[in-house]
Protein chains: 2
Amino acid sequence: MTAQPGTAPTVPTAQPAPDLSQAPELSQVPDLSQVPDGELLRLDHQICFSLHAASRAFGSVYRVALKDLGLTYPQYLVMLVLWEHGALPVKQIGDHLRLDSGTLSPLLKRLEAAGLVRRERSSEDERSVTVRLTEAGTALREQALCVPRRIVAATGLPLTDIAALQTLLHRVTAALDTADLDTADLDTTEPDTAEPGSA
Amino acid sequence: MTAQPGTAPTVPTAQPAPDLSQAPELSQVPDLSQVPDGELLRLDHQICFSLHAASRAFGSVYRVALKDLGLTYPQYLVMLVLWEHGALPVKQIGDHLRLDSGTLSPLLKRLEAAGLVRRERSSEDERSVTVRLTEAGTALREQALCVPRRIVAATGLPLTDIAALQTLLHRVTAALDTADLDTADLDTTEPDTAEPGSA
DNA sequence: CACAACTAAATTGCGCACAACTAAAATGGG
DNA sequence: CCCATTTTAGTTGTGCGCAATTTAGTTGTG
């Protein structure tokens, strides 16, 4: 992490809202319409922000763990997909990782330059480019096996919590996924698609 | 979202591991030493990946919601900090958001170019640059008040779940935060650079 | 067959994140 | 007082994420 003064306890996200962060099950939730805008804005601050911070915190740890392998975090994700599924066209890699060719093309070029994959145009469909592991790319999997253990250890969380976190992330991603189109047309015309319980 | 074919149900993260993702409380967790490397690698795939995907899914929704305000997601975070705390030096903004000047300097320049903030060197400490809201920047807060509601609506999650998610994210961020230095010296050579609260 | 519509990759441009470095100012110890 | 150290911003370079566009190949329809 860049700013790690050592003396400063950091984790600023943990400070302002100790009220709800320690309650594992707060069952009665107020109507959204009840919550004043200011509160909601604060809550929002917390959530988007926690996610942002957590994502980058993971990035830091992965960066260290992956340095030995010479991979960045997104490159590691691509390699995971290839190790699991074997040779794939760019499009399908993108489907797995939710990335488009604008991101993947240069990334795959770098993996190719590193000698980990080869890219070859499919003879069946000349539009498609098949990405397959080289021997070095396949061999790298062995070194990568130790990475997850280090990451899980670094989180310091029991697998229970990791699983719970993952569940919530799945839910929220799925929801946002179907929602962002709705939001789009909510933005243009209709005011009533909105949320169920509010004014 | 870039790839949103409409017909494809997407959410590929939900497919491969239905085993543990639906269990809200799996209490007995195996020793990490028990879990075979392959399993752990799969789990790891899921967790780093879910977080990555969730973060970007949020990014998409925010992008739409913030388009009216002419702000990007990180710019919005900076504005939130300024709305909450008033004028601050760059350093302190960075502390709140865990960002360094390499990221903030150009970002703040863009906010200044947009007329939302002004940057002026402190007369007390000539190193420091104080960032303060302009009238336009202050006024923008009114428009921003509607954003959180839209985001929460887009998630489709009850506040309970959002709070739970936030709790877990805090925990994991804090853990990773203290951990990544440990990982670093585990990785390099010296055990003595250390830091206060760890092993 | 010709032509429109679609699809897969790649490219361009912009902004963010971060490491590494520089410049300038403050601080503290001899 | 002088100088090493530290602190604060800024700059440079690399890589990711995404929108928008381009290029090339495929498919469907008349």
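All values reported here derive from a predicted model rather than from experimental measurement. So that the names make sense, note that chain A is the first sequence line, chain B the second, and so on, each numbered from 1. Values reported hereafter were calculated over all heavy atoms of this structure, with side chains retained and with hydrogens, waters and symmetry mates removed.
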Roughly, in whole Å, what's the span from [atom1] in [X] to [atom2] in [N]?
| X | N | atom1 | atom2 | result |
| --- | --- | --- | --- | --- |
| B:Arg56 | D:dA19 | CZ | P | 11 Å |
| B:Arg63 | D:dG17 | CZ | P | 11 Å |
| A:Leu99 | C:dA10 | CG | C1' | 15 Å |
| B:Leu66 | D:dA19 | CG | C1' | 16 Å |
| A:Glu112 | C:dA9 | CD | C1' | 14 Å |
| A:Arg98 | D:dC18 | CZ | C1' | 13 Å |
| A:Ile93 | D:dG17 | CD1 | P | 14 Å |
| B:Asp95 | D:dT7 | CG | P | 12 Å |

Which letters describe nucleotides 9-15 of chain D, given B = protein heavy atom under 4.0 Å from base, S = only from sugar-phosphate, - = neither? BBB---S
Here's a test of your reading of the structure: between A:Leu77 and A:Asp125, which maps to the more 5' nucleotide of DNA chain D?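 Counting from the 5' end, the first nearest nucleotide belongs to A:Leu77.
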Between B:Phe58 and B:Thr155, which heavy-atom pair has the shortest distance, and what is it?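 What the structure gives for the nearest pair is CZ-CG2, 3.9 Å.
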Non-hydrogen atoms of B:Arg127 and B:Arg121 that approach each other most closely: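 So the two residues come closest at O-NH2, 2.9 Å.
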Distance from [X] atom [atom1] to [Y] atom [atom2], nearest 0.5 Å?
| X | Y | atom1 | atom2 | result |
| --- | --- | --- | --- | --- |
| B:Leu69 | B:Tyr62 | CG | OH | 12.0 Å |
| A:Leu71 | A:Arg110 | CG | CZ | 12.5 Å |
| A:Arg56 | B:Thr103 | CZ | OG1 | 7.5 Å |
| B:Cys146 | B:Ile151 | SG | CD1 | 9.5 Å |

On the nucleotide D:dC16, are OP1 or OP2 found under 4.0 Å from the side-chain N or O atoms that B:His52 carries?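 It does not, given that no N or O in the side chain of B:His52 lies less than 4.0 Å from OP1 or OP2 of D:dC16.
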[N] pairs with, by Watson-Crick or G-U criteria that keep both distances under 3.5 Å:
| N | result |
| --- | --- |
| C:dG30 | D:dC1 |
| C:dA9 | D:dT22 |
| D:dG30 | C:dC1 |

Examine distances only and state if a side-chain atom of A:Ser101 and a backbone atom of A:Leu104 form a donor-acceptor pair shorter than 3.5 Å.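 Such a contact is absent between A:Ser101 side chain and A:Leu104 backbone.
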